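The sequence lines fix the lettering, A, B, ..., with proteins before strands; numbering per chain opens at 1. Everything numeric in this text was worked out from a predicted model, so none of it was measured. Side-chain atoms are counted along with the backbone in the values below, which use heavy atoms only and exclude waters and symmetry mates.
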Protein chains: 2
Amino acid sequence: MVTRDGRRRVTISDVASHAQVSTTAVSKVLRNAYGVSEAMRAKVQAAIDELGYRPHAAARAMRGRTFTIGVVLPHIRNPFFADILDGFDEELAAARYQAIIVQGGSSDAAAESRALDALVDRQVDGILIVAPVIPRARLEEMARNTPTVVLGRHDRSAVYDSVLDDDEVGAELAVEHLIALGHRRIAHISQKGLGPSVALLHTIRARTYERVMAEHGLAEHIAVVATSYTEEGGYQAARELLARTPRPTAVFAGSDQAAFGALAAVHEAGLAVPGDVSVAGYDNARVTALAHISLTTIDQDGAIMGKTAGRLLLERIGGRTSSVRFSVTPTLVARRSTAPPAIR
Amino acid sequence: MVTRDGRRRVTISDVASHAQVSTTAVSKVLRNAYGVSEAMRAKVQAAIDELGYRPHAAARAMRGRTFTIGVVLPHIRNPFFADILDGFDEELAAARYQAIIVQGGSSDAAAESRALDALVDRQVDGILIVAPVIPRARLEEMARNTPTVVLGRHDRSAVYDSVLDDDEVGAELAVEHLIALGHRRIAHISQKGLGPSVALLHTIRARTYERVMAEHGLAEHIAVVATSYTEEGGYQAARELLARTPRPTAVFAGSDQAAFGALAAVHEAGLAVPGDVSVAGYDNARVTALAHISLTTIDQDGAIMGKTAGRLLLERIGGRTSSVRFSVTPTLVARRSTAPPAIR
DNA sequence: CTCGGGATGGGTATCGTTATCCATCGCGGA
DNA sequence: TCCGCGATGGATAACGATACCCATCCCGAG
């Protein structure tokens, strides 16, 4: 391959001739393969360093591995994904794998499917897909050919690994917390238009909200507005909720990002948090801990989840075929965005 | 290539035999090359659709294009980058290019350099690098071989295109705004440890702050704390500033993310924004507009910058060799985080 | 002294696609 | 009738690495 400035990229043959050995020998050193003496290894490594050789990932992809992991995120705007990636990257870096991220389009099954194809076309060694909305069959078809870890989805599969938190426990914690504070008119912000699958985490959070409300005799106060787990979605949903009479005294948003939007709507309506309306989120994205936000939320340790996803993926690439499911138990983090309702 | 479930991936030869033509003909259709009749095109396209053929990017990379653009972001946590990517992706999708994102490690030159290498190894057709801190020589070496657009850096180059805002104007707007409100003890939060290069945007923002302060006879009140453009950095810097006696009445943070951290520190210290301390940021990330945050900031239109970066990159891939520099003029967006200082 | 086998290094087909030739066909002009 | 040329389709050598298989060397056992 000739580069634009006329210099050839350094290839394995350059290294081989420089070290006076065969390309096979160099390849073996690169792959840590069996049948290389210490002397050979040293000689080849010296030539590699001297020439500044770097393996050509595309060429590798034709026969072997690419040492590349593809990550599909709905959208990089969600700060919780940054927490996940911190743990994921850390785990991968140790194994000299590189993560590449593609955006799957928040809750858009077609876009998500395209993103997945793009990764397969690029011959990644493994895939991490976060909160996917595509059908399970599609996921499994993918996973049969490429090691796959699915993060944040509840259906079980024999062909991919799952990393998730117990959304039922988490949602229960949030709703119970608000009820314990004395709230009765508690509303919920969810996502819409993704089918009724109980595998999707927003469905579980919404159903759990309804169940817990009913268990406490608050069935008549159930109010779910389904928009999306984004600031915009949270804002729209909260505006709609605040316009109702009587308006809710507390809002449980299905994600921190949506809670952010809800906070904005509450302030914009001239109401105080938590004085007039309590707001709780879900994810405990690091940014929610900041003092001026201080959002009550449900913690699922993103960094741990990401780190685990990385480990599971490496194991699968290493040959494991059994299916693993890793679940973290969420906890309530009560901060200053929730308080008892005003007495009336 | 045999996939794990025993099925071969559909290749160009499968399409060729199915359509009863040569692989060359199929390749020509795929590339829109010269020398294909309408009949041929239709026949081949039908076979492609029937078999669900998708080009193998890695194999393509061995001889031609990958239709992949690499994006190096310091870290996906910064919400302003999401704004940039929205515009960028939109522009690329129309040309059937796929963007892949790698994290460059906030302000870590070694990590950034590795991320860049990773993209080159993967044979991307072009590179967008956002707010890089590596030496210009390294950037140019890269750009000579791969079409490159640099976003958010002020050095001029004949080999890559630049997209940026006028940071001098922006910083001036912010400081002048605070001065016009009546502030005198105005502090600034910057980044540290990246060398004194005047090409780096934080350097320009910091120097402009100092210049404007001096021009208004406020040289004695200049106070710069250099941490990093992150929430954590903004928080640490603000804590240090608030501990000083007398403490500043206004803080101009070099980025919205740092301003976020500063807001947290102010609240934690039991002080009010803007009553006790005014805070201004830079970037106008969409999230800053939310009512409960309502951060005064400097707008540089991220979506436009991203869209332009995409266009320039496609042009370069298309063969343009002249160098382009696209600069947006920032504007002040005054919100509720700034106000006149309390009378004392 | 030969033989067997482990350790080491190398030859080479192969992965899927592109790009550079080369071959063929049909048709109009000399 | 023959020649030349444009239009079209195909054969094939790369691209850079891997992995299978084979060749060689050395050493101890029989």
Mind calculating the distance between [atom1] ([X]) and [atom2] ([N]) to the nearest angstrom?
X        : N      : atom1 : atom2 : value
A:Glu38  : C:dA7  : CD    : C1'   : 14 Å
A:Arg122 : C:dC15 : CZ    : P     : 22 Å
A:Ile12  : D:dC15 : CD1   : C1'   : 14 Å
B:Lys28  : C:dA19 : NZ    : P     : 11 Å
A:Leu30  : D:dA19 : CG    : C1'   : 14 Å
A:Tyr34  : D:dT18 : OH    : C1'   : 19 Å
B:Asp121 : D:dA17 : CG    : P     : 10 Å
B:Asp14  : C:dC15 : CG    : C1'   : 13 Å

(request) May I ask you to say whether A:Arg138 pairs ionically with A:Asp117, meaning some side-chain N is under 4.0 Å from a carboxylate O? (result)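 Salt bridge flag = yes for A:Asp117 with A:Arg138.
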
(message) Any carboxylate oxygen within less than 4.0 angstrom of a Lys/Arg side-chain nitrogen, looking at B:Lys307 and B:Asp86?
(response)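 Salt bridge: no.
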
Under 4.0 Å between a side-chain N or O of [X] and OP1 or OP2 of [N]?
X       : N      : result
B:Thr11 : C:dG16 : no
A:Tyr53 : D:dA17 : yes
A:Arg60 : D:dG16 : no
A:Ser37 : C:dG9  : yes
A:Ser27 : D:dT18 : yes

(request) Report yes or no: is there a donor-acceptor pair, N or O only, under 3.5 Å between the side chain of B:Arg63 and the base of C:dT17? (result)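 In this structure, the two groups form no donor-acceptor pair.
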
(request) Using only heavy-atom distances, decide whether a donor-acceptor pair under 3.5 angstrom links the side-chain of A:Thr24 to the base of C:dG11. (result)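 Indeed there is one.
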
(message) Side chains of B:Gln123 and B:Thr66: any donor to acceptor distance under 3.5 Å?
(response)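 Judged by distance alone, the side chains do not pair up.
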
(request) Report yes or no: do A:Arg122 and A:Thr68 form a side-chain donor-acceptor pair below 3.5 Å? (result)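 No.
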
Consider the side chain of [X], meaning its heavy atoms from C-beta on, and name the nucleotide among [options] that approaches it most closely.
X       : options                : result
B:His56 : C:dT17, C:dA19, D:dA7  : C:dT17
A:Arg31 : C:dT18, C:dG10, D:dA19 : D:dA19
A:Ala25 : C:dT8, C:dG10, D:dG16  : C:dG10
A:Met40 : C:dT18, D:dT18, C:dG9  : C:dG9
B:Met62 : D:dG16, C:dT17, C:dG11 : D:dG16

(request) Determine the contact category for B:Val26: base if any of its heavy atoms lies under 4.0 Å from a base atom, sugar-phosphate if only primed atoms, P, OP1 or OP2 are that close, otherwise nothing. (result)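 Counting heavy atoms under 4.0 Å across all strands, no contact is made by B:Val26.
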
(message) Both A:Ser22 and B:Arg54 contact DNA chain C. Which one's nearest nucleotide lies toward the 5' end?
(response)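 Here A:Ser22 is the residue nearer the 5' end.
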
(request) Using a cut-off of 6.0 Å, state whether more than 12 heavy atoms not belonging to A:Arg156 lie near its atom CZ. (result)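 Result for CZ/A:Arg156: open.
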
(request) Find out whether A:Val324 and A:Arg316 are in side-chain contact, i.e. whether some heavy atom of one side chain is under 4.5 Å from a heavy atom of the other. (result)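 Side chain of A:Val324 against side chain of A:Arg316, heavy atoms only: no contact under 4.5 Å found.
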
